[in-house]
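All heavy atoms count here, side chains included; hydrogens, waters and symmetry mates do not. None of the values given here were measured: they were computed from a predicted structure.
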Amino acid sequence: MLRFEDTDSERSSRAFEESILDDLLWLGINPDGEISRQTERLERYVEILFRLERDGFVYPCFCPAAPDKEGHGPYPGTCRNIPPDERRGRIESGESFCRRFAALASGLTFRDRLRGDLTFDVRLGGDFVLTRADGTPTYTFAVVVDDHDFKVTHVIRGEEHIPNTPRQELIYRALGWEVPEWVHIPMVLDSERHKLSKRSGAISVSAYRDDGWSAEALVSYMATLSWSGAPTDKVSSPDELASLFDIDSVALDSPVHDPERMRHFGRLSMRSVSCEKLLGELGEAFSRIADPPDEIDADRAALLGELLPECASRRELSDSLARAFEIAPVDDELGNERTAWMDDLLDRLAALPSQEWFTMSIKNILKKFQKERALEGKIFYHALRATLTGRDHGAPLALLMACLGRKIVIERLGKR
RNA sequence: GGUCCCAUCGUCCAGUGGUCUAGGACACCGCCCUUUCAAGGCGGCGACACGGGUUCAAACCCCGUUGGGACCGCCA
């Protein structure tokens with residue numbers, strides 16, 4: 001099931017829900033039950049609230065909302081002991097108030113499946129808010145009611161929720177409800193070892209999707225964080241991962257997000273898609289070359305195959321492709337590579353009709369020419385490459401020339 | 001500041017008292033292959049935070065120290 005915890009109207013919108021659902025579906029995580037929304041269950045929370053109030057766990061608090069920032073410590077319980085008469089009076093006079101749960105236990109112990117028994121003095125956290133002045137429930141409260149109503153058996157969440165758990169445990173006990181199994185898993189840290197945030201370079205799922213990462217690569221990488229059961233030598237689907245998963249083998253220290261390790265899975269995933277398919281997707285990049293060969297795709301597919309293994313996403317591939325075609329700003333050293341034989345080679349190549357402009361035929365010309373002139377391979381190819389691309393390395397030359405197209409090759413060769 | 005969580009290579013994970021001169025993956029370095037760069041194959045560098053216990057024996061158990069993190073909202 002999927003539940004939107006949307007009681008904070010300022011931070012919730014249908015647009016957010018849409019994108020969350022989109023991300024989940026794209027990742028291959030499909031909610032198989034109903035989709036619920038806390039804002040649609042408001043009456044239920046009120047019902048439970050009244051029950052807690054009747055049993056004396058809850059009281060109205062007239063204090064102004066949060067004295068802005070400055071975490072001074074817990075709420076001191078100011079309104080807990082206001083006499084009933086005064087309470088009634090203030091409520092009737094229209095004073096605004098929230099409702100708090102009186103947290104009185106000095107030593108509350110709950111069991112975390114991974115960490116064992118954890119004991120808290122809940123008084124130190126202060127009395128917490130169950131419903132806001134506008135009557136809406138807080139997450140802390142609504143979630144307990146929902147989990148109970150939806151018969152949730154396991155609450156698996158980030159360890160930042162640990163301080164929250166004793167409070168919810170209190171609510172369960174006050175209601176006499178069966179407590180779910182608590183599992184607090186570590187949260188992913190950035191390279192500075194802080195909670196991953198936009199500021200620290202965390203990128204949204206949709207951004208990765210837009211850059212052409214495969215969902216399986218992302219999921220496979222994430223599975224390796226804190227969990228030793230995740231395969232490191234292949235990408236896996238959410239279903240495969242799920243069948244392997246064992247909650248008890250989750251490590252307890254917080255993993256640091258490593259983009260390089262993530263790229264490893266991206267590359268693995270890219271390699272599993274065929275060059276022909278990629279060619280279909282990236283055809284446009286090729287058509288931008290001035291002199292595209294006719295319908296012969298073999299060379300272009302081969303070029304993709306050459307570039308593919310080091311790319312973690314479609315975006316990286318298309319960037320790599322663009323780089324292969326462009327002529328780099330030549331530095332002097334490379335720019336002066338032009339030699340006497342260049343004009344002769346140009347003639348040879350120009351003699352090759354565009355219908356025969358393929359890797360193999362170009363390769364033959366190159367080889368023959370090199371042999372005839374007794375040019376050292378290293379020098380020959382290096383000079384040629386430098387003149388053609390401005391770089392001293394890249395994809396195999398004949399292949400590159402085939403993909404670059406006859407017109408451009410002749411143009412570049414003739415220029416310098 | 002208070003409360004709590006955590007602690008093995010740079011990073012992610014193995015390791016649950018002897019089989020650990022600590023294993024794998026990513027990264028890095030080298031070699032091979034190759035006209036170049038990648039990819040691939042082979043190899044290398046590299047860690048049990050520190051100090052006390054317990055034990056015949058400790059990366060593994062206990063305590064302390066140090067370090068890192070989270071939380072302390074009418075956010076979730």
Please evaluate residues A:Glu372 and A:Arg348 with respect to the criterion side chain to side chain contact (heavy atoms under 4.5 Å, CB included), reporting the C-alpha separation (whole Å), side-chain torsions for both, the decisive distance (0.1 Å), and the verdict.
CA-CA 12 Å; A:Glu372 277 175 21; A:Arg348 260 342 144 74; 2.6 Å; yes
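Taking atom C1' on both nucleotides, B:U65 is separated from B:A22 by 25 Å, rounded to a whole Å. With both ends at atom P, the span from B:C75 to B:G17 equals 48 Å, rounded to whole Å. Rounded to whole Å, the C1' atom of B:A14 lies 7 Å from the corresponding atom of B:G24. Atom C1' of B:G67 sits at a distance of 30 Å from the matching atom of B:C29, rounded to the whole Å. The separation of B:C32 from B:A70, taken at their C1' atoms, amounts to 49 Å, rounded to a whole angstrom. Here, B:C48 and B:C60 have their P atoms 12 Å apart, quoted to the whole Å. Atom C1' of B:A39 sits at a distance of 44 Å from the matching atom of B:A58, rounded to the whole Å. A gap of 33 Å separates the C1' atoms of B:G44 and B:C6, to the nearest Å.
Comparing atom distances between the A:Phe120 side chain and each of B:U36, B:C4, B:C12 picks out B:C4 as nearest. Here B:C5 is the nucleotide among B:C13, B:C37, B:C5 with the atom lying nearest to any side-chain atom of A:Ile162. Here B:A14 is the nucleotide among B:A39, B:C74, B:A14 with the atom lying nearest to any side-chain atom of A:Ser228.
Rounded to an integer number of Å, the gap from CG of A:Leu317 to C1' of B:C37 is 15 Å. The distance from atom CG of A:Leu388 to atom C1' of B:C37 is 15 Å, rounded to the nearest whole Å. In this structure, CG of A:Asp246 is placed 15 Å from P of B:U16, rounded to the nearest angstrom. Rounded to a whole Å, the CZ atom of A:Phe380 is 13 Å from the P atom of B:U35. The distance from atom CG of A:Leu252 to atom P of B:U8 is 11 Å, rounded to the nearest whole Å. In this entry the distance linking CG of A:Leu268 with P of B:C12 reads 20 Å, nearest Å. As a whole-Å value, the separation of A:Ile20 CD1 from B:A76 P is 13 Å. For A:Met401 and B:U36, the CE to P distance is 17 Å, given to the nearest whole Å.
Between A:Phe97 and A:Gly377, the residue whose closest nucleotide on RNA chain B is further toward the 5' end is A:Gly377.
Using a 4.0 Å heavy-atom cutoff across all strands shown, A:Leu397 reaches at least one base atom of the nucleic acid. Residue contacts shown for A:Pro186 are absent, as no nucleic acid heavy atom lies under 4.0 Å away. Contacts of A:Gly125 with the nucleic acid, taken as non-hydrogen atoms under 4.0 Å apart, are absent. Within the 4.0 angstrom heavy-atom criterion, only backbone atoms of the sugar-phosphate kind lie near A:Ser249; the bases stay farther away. No contact: A:Arg99 has no heavy atom under 4.0 Å from any strand. Across all strands, A:Glu376 comes closer than 4.0 Å to no nucleic acid atom at all (heavy-atom distances). A:Thr7 comes within 4.0 angstrom of the backbone, heavy atoms only, and of no base.
Taking a pair to require two hydrogen-bonding distances under 3.5 Å in either a Watson-Crick or a G-U wobble arrangement, B:U21 remains unpaired. Across every strand in view, B:A7 sits in a pair with B:U66 that passes the Watson-Crick or G-U test at under 3.5 angstrom. With a 3.5 Å ceiling on both atom-pair distances, the Watson-Crick or G-U wobble partner of B:G43 is B:C29. In a base pair of the Watson-Crick type (N1 to N3 plus N6-O4 or O6-N4) or a G-U wobble (N1-O2 and O6-N3), with each distance short of 3.5 Å, B:C37 is matched with no nucleotide. For B:U16, there is no paired base (Watson-Crick or G-U wobble, both distances below 3.5 Å). Across all strands shown, B:C72 is found opposite B:G1 as a Watson-Crick or G-U wobble partner, with both distances under 3.5 Å.
Aromatic pair A:His257/A:Tyr221: centroids less than 6.0 angstrom apart.
Of the side-chain N and O atoms in A:Arg271, one or more sit less than 4.0 angstrom from OP1 or OP2 of B:G40. In terms of phosphate contacts, A:Arg157 brings no side-chain nitrogen or oxygen within less than 4.0 Å of OP1 or OP2 of B:A76.
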Can you name the atoms? Protein N/O to nucleotides 23-34 of chain B N/O, anything below 3.5 Å, with the distance.
residue : atom : partner  : partner atom : Å
B:A27   : OP1  : A:Arg267 : NH2          : 2.6

Protein and nucleotides 63-71 of chain B: nitrogen or oxygen contacts under 3.5 angstrom:
residue : atom : partner  : partner atom : Å
B:A70   : OP1  : A:Lys195 : N            : 3.2
B:C71   : OP1  : A:Lys195 : NZ           : 2.6

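Remark: the A:Thr359 side chain and the A:Asp299 side chain contain an N/O donor-acceptor pair separated by less than 3.5 Å. No side-chain donor-acceptor contact under 3.5 Å links A:Trp182 and A:Gln168. Between the side chains of A:Ser254 and A:Arg193, no donor N or O sits under 3.5 Å from an acceptor N or O.
Residue A:Ser214 is tested with A:Ser220, A:Ser313, A:Ser269 for a side-chain hydrogen bond (donor to acceptor under 3.5 Å, both in side chains); the sole match is A:Ser269.
The pair A:Glu17-A:Arg37 counts as a salt bridge, with a side-chain nitrogen and a carboxylate oxygen less than 4.0 angstrom apart. In this structure, A:Arg90 pairs ionically with A:Glu86, as a charged nitrogen and a carboxylate oxygen lie closer than 4.0 Å. A salt bridge does not link A:Arg44 with A:Asp146: every distance from a Lys NZ or Arg NE/NH1/NH2 to an Asp or Glu carboxylate oxygen is 4.0 Å or more.
Within the structure, the salt bridge (Lys or Arg N to Asp or Glu O under 4.0 Å) test picks out no pair touching residues 375-386 of chain A (sequence neighbours left out).
Between A:Phe50 and A:Arg99, the shortest heavy-atom distance links the atoms CE2-NH2, 4.4 Å. Here the shortest heavy-atom pairing between A:Trp213 and A:Met262 reads CZ3-O, 3.6 Å.
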